[in-house]
Amino acid sequence: MPELPEVEIAARNLRAWTAGRRIARVEAQPGTARIFRPSRPAAFARALEGARFAAVGRRGKQLLLALERDGEPVGLLAHLGMTGKWLRRTADDPAPRFSRARLVLDDGTVLHFSDLRLFGRLRVVPGARFDEVPEVAALGPDPLAAGIDPAALGEALRRSRLPVKVRLLDQGVVAGVGNIYASEALFRARIDPRRRGPSLSPAEVRRLAGTVLEAMREGIARQESPEITYVEEGGENPFLVYAREGERCPRCRRGTIRRIVQAQRSTFFCPRCQR
DNA sequence: ACCCGTGTTCGCTG
DNA sequence: TCAGCGAACACGGG
């Protein structure tokens, strides 16, 4: 699921599901303490129970849920990790298979934090002071909120000699880019993922700033149109190069998509048109 | 059994 | 001192 587009969809869903609602009860699945902060289930629940939702925000892949109780702000910071998702059920529905936490709302709905691999995180943020949380403070500009300033991107890419694909995964460079969209953006910009960051020309940096945003906007549009079903697992691969090793390049029609490993992650690209 | 996976952190090393 | 690397986290699917 989760790179910026998926998290943006999650934020929109949560906004609709929580508007005006209060958290009646919080339940943590036994044996999943590593997800929670504070990790003691009772303390985690106590911090949130009775609070009313005020706003749902997103920065990069971080979901920022702002609540209020007795005039006191309290925040819930949620990260989906690799397999996290928020699901809405009614009180009588059985819990989804990998439900790790449940927010029972005052309208009888239940928001489940489902996460197979337990890489997700749910963190109480006292006073809803999200900016003081290190993982939030370290984030670079969010493409959707602030756009990507080519000059700033160029500056960030010049700060390290790592391959540009690896640099894009650093959340301090552009917040929200993950392994899929890094490959997709570089393909669209016709830049070889193995190039060192400082080697990119200003024109290439400009192209890349544009394609990161473009790829993410398309990802969001794809997921918000319910009639398009190929996003569902088991459906057709909606990406241009990601997970298309061995296929013909959709742009030049002559190159063959290659898979390489960079920083322990798969990268997909067309060696013929990405230079 | 083995490899792979939309993410991030931590400890070691040169 | 610190950038960069690889292991680790956890669990299912092919």
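The sequence lines fix the lettering, A, B, ..., with proteins before strands; numbering per chain opens at 1.
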- [ ] Check the geometry between A/Tyr181 and B/dT6 and answer yes if their rings are stacked (centres below 5.5 Å, planes below 30°), otherwise no.
- [x] no
Open item on the list: I want to verify a distance call: between C/dC5, B/dG7, C/dC11, whose nearest atom is closest to the A/Arg265 side chain?
Closed with: B/dG7
- [ ] Quick one: label A/Arg121 by what it contacts on the DNA or RNA (base, sugar-phosphate, nothing), any heavy atom closer than 4.0 Å.
- [x] nothing
- [ ] Could you check which nucleotide pairs with B/dG14 in any of the strands shown, counting Watson-Crick or G-U wobble with both distances under 3.5 Å?
- [x] C/dC2
Open item on the list: Under 4.0 Å from OP1 or OP2 of B/dG5: is there any side-chain N or O of A/Arg259 that close?
Closed with: yes
TODO: Look at the side chain of A/Arg100 and decide which nucleotide, out of B/dT8, C/dC11, B/dT9, has an atom nearest to it.
DONE: C/dC11
Task: salt_bridge(A/Arg121, A/Glu135) N-O dist < 4.0 Å - done: no
Task: P spacing across the pair C/dG6 / B/dC4, given as an integer number of angstrom - done: 15 Å
Task: Separation of atom CZ in A/Arg167 from atom C1' in C/dG4, rounded to whole Å - done: 11 Å
Task: Minimum-distance nucleotide to A/Leu162 side chain [options: C/dG4, B/dG5, B/dG7] - done: C/dG4
Open item on the list: Please tell me if A/Lys61 has a side-chain N or O lying less than 4.0 Å from either OP1 or OP2 of B/dT8.
Closed with: yes
Open item on the list: With a 4.0 Å limit, can you tell me whether A/Arg117 has a side-chain N or O closer than that to the phosphate oxygens OP1/OP2 of B/dG5?
Closed with: no
- [ ] Could you give the distance separating B/dG11 and C/dA10 at their P atoms, to the nearest angstrom?
- [x] 16 Å
TODO: Round to the nearest Å and state the distance from A/Met82 atom CE to C/dC11 atom C1'.
DONE: 11 Å
Task: Phosphate OP1/OP2 of C/dG4: any A/Arg161 side-chain N/O under 4.0 Å - done: no
Task: Basic-acidic side-chain contact under 4.0 Å: A/Arg158, A/Glu155 - done: yes
TODO: Please determine, for the side chain of A/His79, which listed nucleotide (B/dT8, C/dC9, C/dG4) has the closest atom?
DONE: B/dT8
Task: Spatial distance of atom CG (A/Leu67) from atom CD (A/Glu72) [nearest 0.5 Å] - done: 13.0 Å
Open item on the list: Measure CG/A/Leu116 against P/B/dG7 and give the value in whole Å, please.
Closed with: 15 Å
Task: Cluster check A/Trp86, A/Ile23: I/L/V/M/F/W/Y, side chain < 4.5 angstrom - done: yes
Open item on the list: Of the listed nucleotides (C/dG4, B/dT9, C/dA10), which one gets closest to any side-chain atom of A/Leu118?
Closed with: C/dA10
- [ ] Using only side-chain N and O atoms of A/Ser160, determine if any of them is under 4.0 Å from OP1 or OP2 of C/dG4.
- [x] yes
Open item on the list: Would you say A/Thr83 places a side-chain N or O within less than 4.0 Å of OP1 or OP2 belonging to B/dG5?
Closed with: no
Open item on the list: side chain to side chain contact (heavy atoms under 4.5 Å, CB included) for A/Phe187 and A/Arg251? Distances and angles first, verdict last.
Closed with: CA-CA 9 Å; A/Phe187 172 73; A/Arg251 179 198 292 119; 3.5 Å; yes
Open item on the list: What contact category does A/Leu80 fall into here, base, sugar-phosphate, or nothing, at under 4.0 angstrom with non-hydrogen atoms?
Closed with: nothing
- [ ] For A/Phe44 and A/Leu122, run side chain to side chain contact (heavy atoms under 4.5 Å, CB included): C-alpha distance rounded to whole Å, both residues' side-chain angles, the deciding distance at 0.1 Å, then the answer.
- [x] CA-CA 9 Å; A/Phe44 181 86; A/Leu122 295 175; 3.9 Å; yes
- [ ] Pick the C1' atom in B/dT6 and in C/dG4, then give their distance to the nearest Å.
- [x] 24 Å
TODO: May I ask you to verify if any side-chain N or O of A/Gln264 is less than 4.0 angstrom from the OP1 or OP2 atom of C/dC5?
DONE: no
